[in-house]
Amino acid sequence: MEAVRGARGMHLEVLCSEGGGEEMAAPDILLIGHVARDLRSADPNDGYRLGGTVSFAAVTCVKLGRRPTILTSAAPGLDVSELPREVELHILPSEDTTTFANVYTAAGRIQHCSMRARPITAADVDPSLRRPRAALLGPIADEITPDVAHVLAEETLVVATPQGWMRRFDEAGRVHAKPWESASEILPRVDAIVLSLEDIGEDLRRLDPMIEQVPLVLLTEYRDGSTLYRRRDDGTIHVTRIPPRPAREVDPTGAGDVFATAFMIRFQETLDPVEAARFANVTASFGVEAVGVAGIPSRDAVFAYMRENPFREGVSG
């Protein structure tokens, strides 16, 4: 297996999902970002489901046998009963809860954000939360300040899904793409980046700064699977296409979040990025086959599919 060196100069260690002593005092998996209200329709009176990267990530962690801790901000009274009881919640007080409406069309997703909770800063990350085995920075509304990435321990595997740093909001709340303005402060502090074709406007050139600074970059490509970019010590880039598991799509919301979480978990367990990307593809494909989080599979279901459908790596570049 190819050795992987983290972006922050340390060698990532394989850490088991079970432990004892002092290790148990730290979170297993730390998830940072806004928990959101995802409106069921354009009518705000039609109710909502719990959304946001950290919500999908927390359910994925539990389904895959890990222990998630969420650091978020939201208004008092937010109903979080959709989250599994195994999730440890740290909710920073806010006047509002981030609220999205997602509309899927033939031309892609149209999003509106009607409210945004307060940002999350380094000062909000309690020292007891700073040494997890793995951490996911999952902004959805540009809510995680760059200094957050700097307070996580060197031995923590840090994965980021930058879509929330690449969004702006017009006066009507319509979500538009924008350049990732804080990238130079965050990229040197993370070990892997996961983003979609939608996030980069299908312009692969926008990946170049990330690939130059982060050892692992994963691009999800809808029904076509994903592509893994690995930067070697000599500066060359190793490109691996990871094939999809064909899925009967019911609800694509959160698929990228499930993918990122599954990749982070499996990579932290194995240090094999190809195995982890394949594991993530399969996990996310099950997730889109039901509404909300209902389709996220168990670890056994993912492994069963992978055994029945072995992957032979094909590499270009």
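Positions are given from 1 along the sequence.
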Does a donor on one side chain and an acceptor on the other come within less than 3.5 Å for Asp300 and Ser298? no
Ignoring hydrogens and geometry beyond distance, is a side-chain donor-acceptor pair present between Arg231 and Gln213 at under 3.5 Å? no
Quick one: do Glu143 and Thr98 satisfy side-chain hydrogen bond (donor to acceptor under 3.5 Å, both in side chains)? Show the steps, please. CA-CA 10 Å; Glu143 73 270 25; Thr98 298; over 6 Å; no
Establish whether [X] and [Y] are linked, either directly or via other cluster members, by ILVMFWY side-chain heavy-atom contacts under 4.5 Å.
X: Val217; Y: Ile186; value: yes
X: Ile29; Y: Val59; value: no
X: Leu195; Y: Tyr229; value: yes

Test Arg241 against Glu221 for side-chain contact (heavy atoms from CB on, under 4.5 Å), laying out the working first. CA-CA 10 Å; Arg241 292 279 300 119; Glu221 299 167 282; 2.8 Å; yes
Within residues 284-303 or reaching into it, pairs that qualify as ring-ring contact (aromatic ring centres under 6.0 Å, His included) - sequence neighbours excluded: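 Listed once each, the pairs are Phe279-Phe303.
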ring-ring contact (aromatic ring centres under 6.0 Å, His included) pairs, two or more places apart, involving residues 149-184: Trp165-Trp180
So, [X] and [Y], do they make that salt bridge, N to O below 4.0 Å?
X: Glu289; Y: Arg245; answer: yes
X: Arg118; Y: Asp124; answer: yes
X: Arg223; Y: Glu249; answer: yes
X: Arg66; Y: Glu269; answer: yes
X: Glu154; Y: Arg131; answer: no
X: Arg205; Y: Asp203; answer: yes
X: Arg49; Y: Glu82; answer: no

Would Lys63 and Glu86 count as a salt bridge (charged side-chain N to carboxylate O under 4.0 Å, His left out) here? Give the steps. CA-CA 10 Å; Lys63 289 278 192 174; Glu86 295 91 339; over 6 Å; no
Pairs flagged by side chain to side chain donor-acceptor pair (under 3.5 Å) wherever residues 50-62 is involved - sequence neighbours left out: Thr53-Asp257
Which atoms form the tightest heavy-atom contact between Gly52 and Ala36, and what is the distance? N-CB, 4.0 Å
Would a distance-only check, ignoring hydrogens and angles, find a side-chain to backbone donor-acceptor pair under 3.5 Å from Thr72 to Val35? yes
Could you check Asp96, Ile140, Asp142 and say which one makes a side chain to side chain contact (heavy atoms under 4.5 Å, CB included) with Arg116? Asp142
